[in-house]
Amino acid sequence: MQIPNNHKNLATTLHNRRQKLAKLIDFPVILWSGSRSPRNFPANTFPFRPSSHFLYFAGLPLEDAAIYLDGGKLELFMDNPPPSSQLWYGEMPTPNRLAEIIGADAAFPMTELKSRGTNTATIPVQNPTNKITQSHILNRDISPSNNPTKIDLELTKAIITLRLSHDATALTELKQAASVTIEAHKAGMAATKNAKFEANIRAAMESIIISQNMSCAYSSIVTVHGEVLHNEQYFHPLQTGDLLLADVGAETSLGWASDVTRTWPVSGKFSPTQRDIYNVVLAAHDACLAKVKPGVEYVDIHLLAAQVIAEGLVDLGILKGKPEDLVEMDAHALFFPHGVGHLLGLDVHDMEDLGDLAGYEIGRVRSSRFGLGFLRLNRPLIRGMLVTIEPGFYQVPGILNDKEMRHKYQDIVNWEMLEKFADVRGIRIEDDVLVTTDGAEVLTQELPSDINSIENLVQLQN
Ligand code: GLY
Ligand code: MN
């Protein structure tokens, strides 16, 4: 585990986070980090990532640990590693040393945790085995994190309040993740010329992230089939005429994420049809970025993206009608079937382990409309919030060939015209946008998105 150079900053930040939490709730809290899951034998495990709620208050990616928070106090619960661990994993900092680094008041072995379990709130970790231990220590059932009750619900709401708006330490990390992600995308573009398969470009991009001692914040999407929204296949050969969609983001060693998508032509030159649709998506992207500021409803940014995409598709002769009517009848969603973005922080879809409790303002629920139901964030923007803006255009066979859709939108889509755009399977342009006091700061601004710059970056030799 990497210990940050400036522990004092970390300890101060964690102290401030605890103080803020103490102002919002008047009961104690236990948060667990979680444990590794074995692949086949205990020492060969899936990569470990602590619970983000734990990480927010503990600062370091500790394993098999718990923290107890009460009125601003912090206690660390963690066992000393067994003597054999030094042989296999080298020397580890002791729990006492870790407690010092994170500014905890004391460190205790795990056996002591049960004594803190009465009337104590938690947010369970995702691993079901860990959840059984948690229930035992709290001496009660624990509801799933997306449906908390009683004090767990109060805790969840308090943590959402804190994590919705990022503090200076979080922003430093988020900016580092963004900056490495920008370099990864540039490397991916430059690697395209000599690449034969999607996997070659993925390797070039992830190697930048790994070489900065970071990891990927989510499974990379690097594909010529951008119409498969979360495509995790990398074996397709690259053909001249293909567009390559890369949705790749770094995560810092303390767990903070970036999430960026660019789409570029494998040949280094967009075809005229690709250019036309790319510019529609780019217009939506730019219009949405310009709208981000405190007080603006995120759903209105989504609807703006829908409107600009509908206008662009009408101009290209793909959709027929008035753009506002088309959005009203969800015709844009035939080609833009997801929300315009989401919260970003310690997780790529930040706090989505809490269902819609973080993404949706209290009292709001998901729409049943095809064009709005996938929206993950429906709140007014506030200063310090980090969101993605990621409009797209996709030709998804499952949507466009669906009998009901075909019937419903028979006269709205110019199907013959659409066929001319067959070389555009999927385009998405995604940036990470911080809400500032009076507007926005695009953390990923240094990565261009206009056609000329993208073509130049792809044509650069590695
Ligand atoms: N980066 C993948 C997503 O936002 O869903
Ligand atoms: Mn995203």
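For ligands, and for the atoms within them, numbers begin at 1 and follow the listed sequence.
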J.: Quick one: do the Asn213 and Ser253 side chains pair a donor with an acceptor below 3.5 Å?
T.: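 There is no such pair (donor and acceptor under 3.5 Å, judged by atom type) between the side chains of Asn213 and Ser253.
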J.: Aromatic rings His230 and His349: how do their planes relate, parallel, tilted or perpendicular, breaks at 30° and 60°?
T.: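 Rings of His230 and His349: tilted, 30 to 60°.
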J.: Take a 6.0 Å sphere around CG of Asn44 and say whether it holds more than 12 heavy atoms from other residues, nucleotides or ligands.
T.: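 Counting neighbours around CG of Asn44, more than 12 heavy atoms of other residues, nucleotides or ligands fall under 6.0 Å, so yes.
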J.: Anything under 3.5 Å between an N or O on ligand 1 and a protein N or O? List each pair with its distance, or write none.
T.:
| unit_1 | atom_1 | unit_2 | atom_2 | d |
| --- | --- | --- | --- | --- |
| ligand 1 | 1 (N) | Asp247 | OD1 | 3.1 |
| ligand 1 | 1 (N) | Asp247 | OD2 | 3.0 |
| ligand 1 | 1 (N) | Asp259 | OD1 | 2.9 |
| ligand 1 | 1 (N) | Asp259 | OD2 | 3.4 |
| ligand 1 | 4 (O) | Asp259 | OD2 | 3.2 |
| ligand 1 | 4 (O) | His342 | NE2 | 3.0 |
| ligand 1 | 4 (O) | His349 | NE2 | 2.9 |
| ligand 1 | 5 (O) | His230 | NE2 | 2.8 |
| ligand 1 | 5 (O) | His349 | NE2 | 2.8 |

J.: Going by atom types only, do Ser220 and Glu206 share a side-chain donor-acceptor pair under 3.5 Å?
T.: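 Short answer, yes.
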J.: Apply the side chain to side chain contact (heavy atoms under 4.5 Å, CB included) test between Thr169 and each candidate in Asn16, Leu14, Asn6, Thr13; give the one that qualifies.
T.: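 Testing each of Asn16, Leu14, Asn6, Thr13 against Thr169, the sole residue satisfying side chain to side chain contact (heavy atoms under 4.5 Å, CB included) is Thr13.
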J.: So does Gln19 have more than 12 non-hydrogen atoms from other groups sitting under 6.0 Å from CD?
T.: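 It does: Gln19 CD has more than 12 such atoms within range.
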J.: Angle class for the His302/His332 ring planes (parallel below 30°, perpendicular above 60°, tilted otherwise)?
T.: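 Because their plane-to-plane angle is over 60°, the rings of His302 and His332 count as perpendicular.
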J.: Can a donor-acceptor pair be found, under 3.5 Å and without considering hydrogens, that links the side chain of Trp415 to the backbone of Gln410?
T.: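 Checking the backbone N and O of Gln410 against the side chain of Trp415, a donor-acceptor pair under 3.5 Å is found.
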J.: Report the protein N/O/S neighbours of the Mn ion (ligand 2) that fall below 2.8 Å; do not count waters.
T.: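 For the Mn ion (ligand 2), the protein N, O and S atoms that sit under 2.8 Å away are Asp259 OD2, His342 NE2, Glu390 OE2, Glu430 OE2.
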J.: Could you tell me if Thr444 and Asp431 have a donor-acceptor pair between their side chains, going purely by distance under 3.5 Å?
T.: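 Yes, a side-chain donor-acceptor pair sits under 3.5 Å.
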